[in-house]
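In what follows, a structure is listed as structure tokens, so that the remarks can point back to it.
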Amino acid sequence: MIYFDNSSTTRPDESVLESFIAANMKYYANPASLHVLGREAEALLKRSKEQMLKLIDNESGEVVLTSGGTEANNLAILGIAEAYRSRGNHVITTQIEHPSILNACIKLEEIGFEVDYLAVDAQGLISIEELEKKLRKDTILVSIMHVNNEIGTIQPIRQCAELIKKSSRAVFHSDCVQSFGKLPVSMESLGLDAITVSAHKMNGLKNSGALFLKKNVTPHAINFGGGQENGLRSGTVSVPNAVAMAKAMRMSTIHEDSADYREWRNLLIDACSLYENIRILSPHHGAPHILSISFKSINGEVAVNYFQEHGIIISTSSACSSKNKNAGHVIEAIGLENKFKNGVIRVSFGNTNTKDEIAEFIKVLKSFMELIERGM
Ligand SMILES: Cc1ncc(COP(=O)(O)O)c(C=O)c1O
């Protein structure tokens, strides 16, 4: 099978698994324990965190290890809003965030915060002018994803950061789950205060993620217990997960120029452009590893099944919304024409793919389009 669903999740790298097993065998002690094994585990945890902080250009800041991108996003939204409530109660995000941001924002609204959801254009891009208009003195948090998981739009994070710093005292968070390892992600260069990453999107382990926080940005905790992770995330810290995550981050940044992905994506765009019944939803200058297209008057599921029968795994929009029969929130937000709304598929590359697999995809696409043109 050819696996083109890497934005849903990736196959863990063997070296990541090896370091996970090795750390489990030797450093299984609780890093909070006072005995010698605990102290050794704690030292390894510290080293792993230092590596991660360096890789994201946040050496003076902090990292909170979580159960994945979802929990890190929840902590960013709920924890930061709560912590800065004395300054104001206004939050800004976008209409096309991952549900772990959007549903946390709905929760904020339920408890009295005011949330503005920035609209996007047909390419999924927010407008800097709209952000400027929405920023207020009482805006305490802005959360804008770096790369959209469904169509791959890259938001102008640096430009947003400059505006936010100029016009408000808001904390600026970005969900970088889809961008880390595919594009340069640096706390400094992007001008961010908080960044979410998830290990399983970069050949790391599932249920392992992190919220990186710039120095002096301190959310309130959203879970309660023994006060691990400086009180920000209670629960015994898994040192092996930290080791594996640092490894996955390091390995993925080695290839962050994503030159192959760009070339493959361009090949697919050229192939799709030959057909009138296909709309390319991803922006031309979108993320290198994501291509979303839509077939006119065809259900995305039909395409997914056809490709699967021909040995290729793709998805409808995102893993979260692929079982939902309605067009997802991103498809609605970009204002796709009705005839194309149900036919969305996403092809997403990872480090197990090859150029030959792209050629195979194009071959299967051709036969699928011939079938459609003959009325199936
Ligand atoms: C953009 C984005 N944010 C957050 C998440 C959630 O990450 P996790 O699966 O680690 O909870 C995902 C995963 O699909 C994602 O694509």
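Every heavy atom of this structure was used, including side-chain atoms; hydrogens, water molecules and symmetry mates were not. Counting starts at 1 for both ligands and their atoms, following the listed order.
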Less than 3.5 Å between some nitrogen or oxygen of Ser7 and one of ligand 1, yes or no? no
Give the atom numbers and elements of ligand 1 that come within less than 4.0 Å of a heavy atom of Gly68. 10 (O)
Contact atoms of ligand 1, heavy-atom distance to Asn73 under 4.0 Å: 3 (N), 4 (C)
Under 4.0 Å between a Lys/Arg side-chain N and an Asp/Glu carboxylate O for Glu360 and Lys363? yes
How does Lys201 reach ligand 1, if at all, at less than 4.0 Å between non-hydrogen atoms: by side chain, backbone, both, or neither? side chain
What are the atoms of ligand 1, with element, lying closer than 4.0 Å to any heavy atom of Met145? 1 (C)
Look at the side-chain heavy atoms of Ile, Leu, Val, Met, Phe, Trp and Tyr, link any pair under 4.5 Å apart, and say whether Trp264 and Phe4 land in one connected group. yes
Assigning hydrophobic clusters by single linkage (Ile, Leu, Val, Met, Phe, Trp, Tyr; side-chain heavy-atom cutoff under 4.5 Å), is Val197 placed with Val243? yes
Min N/O separation His200 to ligand 1 under 3.5 Å: yes
Test of understanding: given a 4.0 Å heavy-atom threshold, classify the contact between Asp175 and ligand 1 as side chain, backbone, both, or neither. side chain
Is the closest heavy atom of Glu97 to ligand 1 under 4.0 Å? no
List the steps, then state whether side-chain hydrogen bond (donor to acceptor under 3.5 Å, both in side chains) holds for Ser348 with His289. CA-CA 5 Å; Ser348 50; His289 62 303; over 6 Å; no
Do ligand 1 and Val147 have nitrogen or oxygen atoms that lie under 3.5 Å from each other? no
With nothing but distance in play, are any N or O atoms of Ser198 less than 3.5 Å from an N or O of ligand 1? yes
Distance under 6.0 Å and angle within 45° of ring axis: Arg85 vs Phe113: yes
For the student: nearest non-hydrogen atoms of Leu205 and Ala244, plus distance: CD1-CB, 3.7 Å
Out of Leu211, Leu232, Leu53, Thr218, which residue meets the side-chain contact (heavy atoms from CB on, under 4.5 Å) rule with Glu62? Leu232
